[in-house]
Amino acid sequence: MAFGEERRQRRRMELTDLDTVRRSFAQAVGYYQKALRIDRQYARAWYGIAETRFLQVGLSCQPDRTNRPLLAQVVRDLEQGQRATHRPTLANLDAKIAFGLGRAQICMTLAGVADRRAQAQEQLNIAIRAFQQNPSGDPSNRRLREIAAEAYAQRGLLATTYANTPDARAYDLRAVEDYKQAIALSADRPQRQPVFYDNLADIYNRLHLPRDAEEARNKARSLKATGHTAYG
C-alpha cells in the first residue's frame, strides 16, 4: 500500500473514532437532560452533564483553542448542581461539584476567558476539606481521597499562574507542597503519579532546584516504566 493511501486510511479511522466519541458525548448529555426534565433538583444529573461537557471542551485550556461558550455552560451547570436539593446519599456531590467548578475556573483563567483564580481556590479548598473532615472508616473516604488528590494538583497548577508576579517564588513553593500532597494521596493510584511528578519537576526547575527536579523526573520515568499510564 502506498504511504499516502495508508495515511489517508489512518486519518479516516481517526475521524471515525472521533465521530463515535462525539456521539457518545451527545448521548450522555441527552440522558442527563432527560433526568433533569423529570427532576430539575437532581444534583447528580447536573454534575454528570457538566462533566460530559467539560470533556467536550477538551483539556488544552489555551487561548484560541477552548470552546468558551461550552466552558461557560459547564460552570453554569455545576452552579445549578450546587443549588439543587436532591442529593443522593454517599454520592460526595459537594466535593465533586466543588472540584469541577475549581477545575473549570482554572481552565477559564488559562484560556484567557476571565481571571477566576480566587473562585477556583475557594472551590478546590472545599473539595480538600471534604476529605479532611471525613472519617477514615467512612465508605466514601477512598473516593474523597481521590478527589482531594486531584484538587491539590489543580491547586498546584493554579499557583503556577502567578509566574510573572513579584510573589512568583512563594507561589511556586506552595505548588510544590500541593503536588507533594497529591502524590501522597495517590499511593493507590500509580497511574496518576507520573503526571504529578512531572509537574513537580517543572516547578523545581523554575525554582532553580535541578537536583530535586531530576529526582522527581526519575520517579515519573520509573512509574511509567512499570506500565502505568498518565490516564488510567
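In what follows, every heavy atom counts, from backbone to side chain, and hydrogens, waters and symmetry copies are set aside.
Taking the side chain to side chain contact (heavy atoms under 4.5 Å, CB included) definition, one finds that S186 meets it with A149, R189, Q193, F196, sequence neighbours left out. A search for salt bridge (charged side-chain N to carboxylate O under 4.0 Å, His left out) contacts involving R142 returns E146, D188, not counting sequence neighbours. In terms of the salt bridge (charged side-chain N to carboxylate O under 4.0 Å, His left out) criterion, residue partners of R221 (sequence neighbours excluded) are, by chain and number, E214.
L173 CG to D167 CG: the interatomic distance, rounded to the nearest 0.5 Å, is 11.0 Å. One distance of note links OG1 of T85 with CZ of R40; it measures 12.0 Å at 0.5 Å rounding. Note that the CZ atom of F131 and the CZ atom of R143 stand 13.0 Å from one another [nearest 0.5 Å]. Separation of atoms CZ (R174) and CD1 (I203) is listed at 13.0 Å; rounding is to 0.5 Å. Rounded to the nearest 0.5 angstrom, R68 CZ and T66 OG1 are separated by 7.5 Å. Rounded to the nearest 0.5 angstrom, N199 CG and Y179 OH are separated by 4.0 Å.
The two atoms that bring D198 and A220 nearest to each other are OD1-CB, 3.3 Å, heavy atoms only. Between A130 and A95 the shortest heavy-atom distance is CB-CB, 3.7 Å. For the residue pair A163 and A168, the shortest heavy atom distance occurs at O-CB, 3.2 Å. Across all their heavy atoms, A120 and G102 have their closest contact at CB-O, 3.6 Å. Contact record, I128 with A148: CG1-O, 4.2 Å, taken as the closest heavy-atom pair.
In this structure the side chain of D202 reaches within 4.5 angstrom of the side chain of R217, judged on heavy atoms. Looking at L70 and F54, their side chains never come closer than 4.5 Å, going by heavy atoms from C-beta outward. By the 4.5 Å heavy-atom criterion applied to side chains, R37 and Q33 are counted as neighbours. Within the 4.5 Å cutoff, the side chain of L157 has heavy atoms near those of the L110 side chain. D172 is not listed as a side-chain neighbour of Y204, based on a closest heavy-atom distance of 4.5 Å or more. Using a 4.5 Å heavy-atom cutoff, the side chains of L71 and C107 are in contact. Counting heavy atoms from C-beta outward, L144 and Q133 have side chains that stay 4.5 Å or more apart. The side-chain heavy atoms of D77 and V74, taken from C-beta on, include no pair separated by under 4.5 Å.
With R87 contributing its side chain and G81 its backbone, the two residues share a donor-acceptor pair below 3.5 Å. Not a single donor-acceptor pair under 3.5 Å links the side chain of Q105 to the backbone N or O of R116. Distance alone, capped at 3.5 Å, places no donor-acceptor pair between the S222 side chain and the N218 backbone.
By the criterion of side-chain heavy atoms lying less than 4.5 angstrom apart, applied directly or through intervening Ile, Leu, Val, Met, Phe, Trp or Tyr residues, I126 is not grouped with L185; the two fall into different hydrophobic clusters. Under the 4.5 Å side-chain heavy-atom criterion for Ile, Leu, Val, Met, Phe, Trp and Tyr, L124 and I183 are members of the same hydrophobic cluster. A chain of hydrophobic side-chain contacts below 4.5 Å, direct or via other Ile, Leu, Val, Met, Phe, Trp or Tyr residues, connects V75 to V113. No chain of hydrophobic side-chain contacts below 4.5 Å, direct or via other Ile, Leu, Val, Met, Phe, Trp or Tyr residues, connects Y47 to Y31. Put simply, Y42 and L78 are part of two different groups of oily side chains (I, L, V, M, F, W, Y) that touch within less than 4.5 Å, one to the next.
More than 12 heavy atoms of other shown residues, nucleotides or ligands fall within 6.0 angstrom of atom CZ in R83.
Checked by atom type, the side-chain pair Q73/R76 shows a donor-acceptor distance below 3.5 Å. A donor-acceptor contact closer than 3.5 angstrom links the side chains of Q82 and Q123. Residues R145 and N134 have side chains that never bring a donor and an acceptor to within less than 3.5 angstrom of each other.
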Q: Decide side-chain contact (heavy atoms from CB on, under 4.5 Å) for V176 and K180; before the verdict, give the C-alpha distance in whole Å, the side-chain angles of both, and the deciding distance to 0.1 Å.
A: CA-CA 6 Å; V176 165; K180 284 182 177 180; 3.8 Å; yes
Q.
Show, in sequence, the C-alpha distance, side-chain angles and deciding distance for L158 and Q121, and conclude whether the side-chain contact (heavy atoms from CB on, under 4.5 Å) test is met.
A. CA-CA 8 Å; L158 178 63; Q121 180 85 24; 3.3 Å; yes
Q: Please test R155 against I106 for side-chain contact (heavy atoms from CB on, under 4.5 Å), starting from the C-alpha separation and ending with a verdict.
A: CA-CA 9 Å; R155 209 169 69 173; I106 290 175; over 6 Å; no
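Residue Y162 is found in a hydrophobic cluster whose other members, listed by chain and number, are Y171; membership requires side-chain heavy atoms under 4.5 Å apart, directly or through intermediates. Hydrophobic cluster of Y32: the remaining members, joined at side-chain heavy-atom separations below 4.5 Å, are V29, L36, W46, I49, listed by chain and number.
Applying the disulfide bond (SG atoms under 2.5 Å apart) test to every pair with at least one member in residues 119-222, sequence neighbours left out, gives no pairs at all.
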